[in-house]
There are 2 protein chains.
Amino acid sequence: MNTVQEIIDHAENSCKTRGSKLTSKRKCVLSALLQSNKAMSAYELVDYCKQVYDKTLPPMSVYRILDFLQEEHLAHKLNMANKYIACSHITCSHGHGVPQFLICNNCQQVKEISVNESTIDTLKHDIEQAGFQMASPRLEINCLCGPCSDKAS
Amino acid sequence: MNTVQEIIDHAENSCKTRGSKLTSKRKCVLSALLQSNKAMSAYELVDYCKQVYDKTLPPMSVYRILDFLQEEHLAHKLNMANKYIACSHITCSHGHGVPQFLICNNCQQVKEISVNESTIDTLKHDIEQAGFQMASPRLEINCLCGPCSDKAS
DNA sequence: CCAAAGAATGATATAAGGTATCATTCGATA
DNA sequence: TATCGAATGATACCTTATATCATTCTTTGG
């Protein structure tokens, strides 16, 4: 497990390598995603940066920064929830299977897992049978996390 | 393949059986979903009903009707796209595997397929390993449909 | 047949997510 | 240090969605 600061440092280096810059505001948004450790909407990020870091960011800037972070593979958008999360593999140098997101319907906690590659291949095959191409094999799956599912029962 | 009218008749009967009513406005929205044969937003449905059926429905009503149609298993919401589609199995009496939605990122066309049950079981198993419970095994998958993927290449 | 109750729909306001556009500021580089 | 491009700010507006209260329609019991 890495500290937020370590991850930020790593992200900064990886941006440098790719010829882009992790500015202070971009760091701020990324830190917020890392520290909160859950999926957040753009407007929640505005509030979080204001309250926790005392940085006032207009929503428009947050959206732009989120776009940037996604391009740099530092964050992902969860389309089903209209929220954003930090990529959980920022500090890894090795390649990964495509991430699958488990979204807790109750508390919005998100877990990023890699499923068995052959499962995805099977799915892909079924999809191609139907005449479609998978645009992104990244799945977002409606779930309940352990604690929330315990409470519900 | 059934005509829209046949599907509507079938839906009306199934509502009657379940003790609810498929009113004329509800029919209108369902017809729009069936005729257009694609995923539509609530506001697109407002426009469609106005232009094609000359029925003026306020957005609020359309949302309520969409909720109703979902309760009756006549329509589904696609969370990733914030759009709605008619269930493709309205006229079927037998049970189905859980539907998976293939959404064309380009033209919004949606195909509802059933994937191999064991694939879903595997996925479910992986998810439980991660300490989560699948809330709905219904997946929404970012795709390109045949025509759009041809154009793109 | 009529009144009352409940379901369905309408009208209005507003929240939340997101984008387009133009202005301004910051920062590297010549 | 002047300048050019990248980053950020400000403003306006669009789309999706919900909350709330009013009105209409439809049963159904008397």
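Within every chain, numbering begins at 1; the chains are lettered A, B, ... in the order of the sequence lines, protein sequences first and strands thereafter. The basis for the numbers below is simple: all heavy atoms, side chains too, and nothing from hydrogens, waters or symmetry mates.
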J.: Taking atom CD1 of A:Ile103 and atom CG of A:Leu78, what is their separation to the nearest 0.5 Å?
T.: 4.5 Å
J.: Give a yes or no answer on whether the side chain of B:His10 reaches the backbone of B:Ile90 with a donor-acceptor pair at less than 3.5 Å.
T.: yes
J.: Under a 3.5 Å distance rule, please check whether B:Lys111 uses its side chain to pair with a backbone N or O of A:Phe132 as donor and acceptor.
T.: no
J.: By a strict heavy-atom criterion of less than 4.0 Å, which residues belonging to residues 38-54 of chain B are in contact with DNA chain D?
T.: B:Ser41, B:Tyr43
J.: Over all heavy atoms of both residues, which pair between B:Ala86 and B:Glu112 is shortest? Give the atoms and the distance, please.
T.: O-OE1, 4.1 Å
J.: On DNA chain C, which is the earliest and which the latest nucleotide, 5' to 3', with an atom closer than 4.0 Å to a heavy atom of chain A?
T.: C:dG17 to C:dT21
J.: Counting only non-hydrogen atoms, which of residues 72-84 of chain B are less than 4.0 Å from DNA chain D?
T.: B:Lys77, B:Asn82, B:Tyr84
J.: Starting at CG of A:Leu102, measure out to CD of A:Gln100 and round the result to the nearest 0.5 Å.
T.: 8.5 Å
J.: To the nearest 0.5 Å, what is the distance between CD1 (B:Ile65) and OH (B:Tyr84)?
T.: 12.5 Å
J.: Atom CZ of A:Arg64 and atom P of D:dG5: how far apart are they, to the nearest Å?
T.: 18 Å
J.: Which distance, rounded to the nearest 0.5 Å, do you find between the CG of B:Leu139 and the CE of A:Met80?
T.: 8.5 Å
J.: Hey, is the main chain of B:Glu72 close enough, under 3.5 Å, to the side chain of B:Arg18 for a donor-acceptor pair?
T.: no
J.: Heavy atoms only, 4.0 Å cut-off, all strands: where does B:Arg26 land among base, sugar-phosphate and nothing?
T.: sugar-phosphate
J.: Which of these passes side-chain hydrogen bond (donor to acceptor under 3.5 Å, both in side chains) with A:Tyr53: A:Lys27, A:Lys25, A:Gln35?
T.: A:Gln35
J.: Among B:Gln70, B:Arg138, B:Glu140, find the residue that satisfies the side-chain contact (heavy atoms from CB on, under 4.5 Å) test when tested with B:His76.
T.: B:Arg138
